Amino acid sequence: MNLILFGPPAAGKGTQAKRLVETRGMVQLSTGDMLRAAIASGSDLGLKVKDVLARGDLVTDEIVIALIEARLPEAEAAGGAIFDGFPRTVAQAEALDAMLARRGARIDRVVRLKVDDAALTARIAKRFAEQARPDDNPDTFKDRLAVYNRQTAPLLPYYADQGLLTEIDGMGDIQTVSAAIDAALDA
């Protein structure tokens with residue numbers, strides 16, 4: 001099964017993806033984790049990504065797609081992928097569909113975690129205070145959230161028209177959200 005966890009930064013996608021890795025054996029393909037690893041490597045790509053994220057912008061489709069494609073064999077061997085933070089644009093969704101089709105696969109379900117922007121801002125401020133992740137700077141986060149809302153809104157009808165979209169209230173506690181995701185996947 002190939003699953004997309006859809007929602008803005010700090011919506012809980014990473015938490016839910018990690019749980020699904022543990023309970024279902026799938027591979028989490030988190031663009032955020034992959035981008036942070038690139039930054040930590042100190043490579044030219046990592047420095048470029050660091051600069052883009054510091055401005056609150058999104059990295060190019062080419063970079064993100066290359067990172068995803070490199071991890072697909074691992075996901076296929078495990079029986080499926082959880083796409084966390086990808087795709088973020090219709091162009092990325094189309095590229096993902098084409099990439100999977102070339103491999104004889106497809107997206108099986110898209111789960112959108114619906115959350116309140118003000119609650120997200122509070123979550124990110126808390127996470128920044130606890131973990132000091134540079135991409136969680138509250139001021140930068142507001143820019144990231146605006147970019148997310150502007151660029152990803154077209155993905156809702158893209159996946160809804162394919163009958164793949166399930167919306168879940170992401171404002172509940174972790175266990176409640178988890179149960180709702182499991183119900184959606186098992187339906």
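Since the structure is predicted, the reported quantities are computational estimates derived from the model, not experimental observations.
Val110 places none of its side-chain heavy atoms less than 4.5 Å from the side chain of Leu5. With a 4.5 Å cut-off on side-chain heavy atoms, Asp61 and Val64 do not count as touching. Considering only heavy atoms from C-beta on, Leu29 stays 4.5 Å or farther from Ile82 through its side chain. At a threshold of 4.5 Å between non-hydrogen side-chain atoms, the residues Pro8 and Phe141 do not count as touching. Residues Gln162 and Asp97 have side chains in contact (heavy-atom distance under 4.5 Å, counting atoms from C-beta outward). Between Ile65 and Phe86 the shortest side-chain heavy-atom distance falls below 4.5 Å. Residues Leu164 and Ile107 are in side-chain contact: their nearest non-hydrogen atoms beyond the backbone lie under 4.5 Å apart. The side-chain heavy atoms of Val52 and Ile63, taken from C-beta on, include no pair separated by under 4.5 Å.
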From CA spacing to verdict: side-chain contact (heavy atoms from CB on, under 4.5 Å), Asn137, Ile124: CA-CA 8 Å; Asn137 177 298; Ile124 214 73; over 6 Å; no

Derivation and outcome, side-chain contact (heavy atoms from CB on, under 4.5 Å), residues Thr31 and Leu67: CA-CA 8 Å; Thr31 55; Leu67 290 170; over 6 Å; no

Trace of the side-chain contact (heavy atoms from CB on, under 4.5 Å) decision for Arg112 with Ile168: CA-CA 6 Å; Arg112 176 187 181 215; Ile168 292 175; over 6 Å; no

Residues Asp173, Thr176; criterion side-chain hydrogen bond (donor to acceptor under 3.5 Å, both in side chains); working and verdict: CA-CA 5 Å; Asp173 61 56; Thr176 301; 3.0 Å; yes

Steps toward side-chain contact (heavy atoms from CB on, under 4.5 Å) verdict (Arg88, Gln151): CA-CA 7 Å; Arg88 291 192 178 182; Gln151 292 187 350; 5.6 Å; no

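Among all heavy-atom pairs drawn from Tyr159 and Ala93, the shortest one is OH-CB, 3.3 Å. When all heavy atoms of Met34 and Ile68 are compared, the pair lying nearest together is CE-CD1, 3.6 Å. Ala78 approaches Val27 most closely through the heavy-atom pair CB-CG2, 3.5 Å. When all heavy atoms are compared, the tightest approach of Ala81 to Met26 is O-CE, 3.5 Å. In plain terms, the two heavy atoms of Pro9 and Arg144 that are nearest each other are CB-NH2, 3.5 Å. Closest non-hydrogen pair, Ile4 versus Pro87, comes out as CD1-CD, 3.5 Å.
A salt bridge links Asp51 to Arg55: at least one charged side-chain nitrogen sits closer than 4.0 Å to a carboxylate oxygen. Between Arg24 and Asp182 a salt bridge is recorded (basic side-chain N to carboxylate O distance below 4.0 Å). In this structure, Glu74 pairs ionically with Arg71, as a charged nitrogen and a carboxylate oxygen lie closer than 4.0 Å.
Using a distance-only test at 3.5 Å, with no hydrogens or angles considered, a donor-acceptor pair links the side chain of Ser43 to the main chain of Gly46. The backbone N or O of Phe6 lies less than 3.5 Å from no partner atom in the side chain of Lys13, so there is not a single donor-acceptor pair. The backbone N or O of Leu53 sits nowhere less than 3.5 Å from a side-chain atom of Asp57 that would complete a donor-acceptor pair. The backbone N or O of Ala10 sits less than 3.5 Å from a side-chain atom of Arg123, completing a donor-acceptor pair.
Val147 and Phe128 fall into different hydrophobic clusters, where Ile, Leu, Val, Met, Phe, Trp and Tyr residues are linked whenever their side-chain heavy atoms come under 4.5 Å apart, directly or through other members. No chain of hydrophobic side-chain contacts below 4.5 Å, direct or via other Ile, Leu, Val, Met, Phe, Trp or Tyr residues, connects Leu47 to Val49. When hydrophobic clusters are built by joining Ile, Leu, Val, Met, Phe, Trp and Tyr residues whose side-chain heavy atoms come closer than 4.5 Å, directly or via intermediates, Leu3 is not grouped with Leu100. Hydrophobic cluster membership is shared by Met99 and Val59, with clusters built from Ile, Leu, Val, Met, Phe, Trp and Tyr side chains linked at under 4.5 angstrom. Side-chain heavy atoms closer than 4.5 Å link hydrophobic residues (I, L, V, M, F, W, Y) into clusters, and following such links, even through other members, never connects Met171 to Val111.
Atom CG of residue Leu20 and atom OG of residue Ser178 lie 7.5 Å apart, to the nearest 0.5 angstrom. The OG1 atom of Thr23 sits 5.0 Å away from atom CZ of Arg19, with the distance rounded to the nearest 0.5 Å. In this structure, Leu113 CG and Leu120 CG are separated by 10.0 Å, a value rounded to the nearest 0.5 Å. Annotation: the span from Asp108 atom CG to Leu185 atom CG amounts to 9.5 Å, rounded to 0.5 Å. Note that CZ of Arg36 is 14.0 Å distant from NZ of Lys50, once rounded to the nearest 0.5 Å. Between the CZ atom of Arg109 and the OG1 atom of Thr166 there is a distance of 4.0 Å, given to the nearest 0.5 Å.
Heavy-atom neighbours of Ile174 CD1 from other residues, nucleotides or ligands within 6.0 Å: at or below the threshold of 12. Around the CG atom of Asp161, the shell of radius 6.0 Å holds more than 12 heavy atoms that belong to other residues, nucleotides or ligands.
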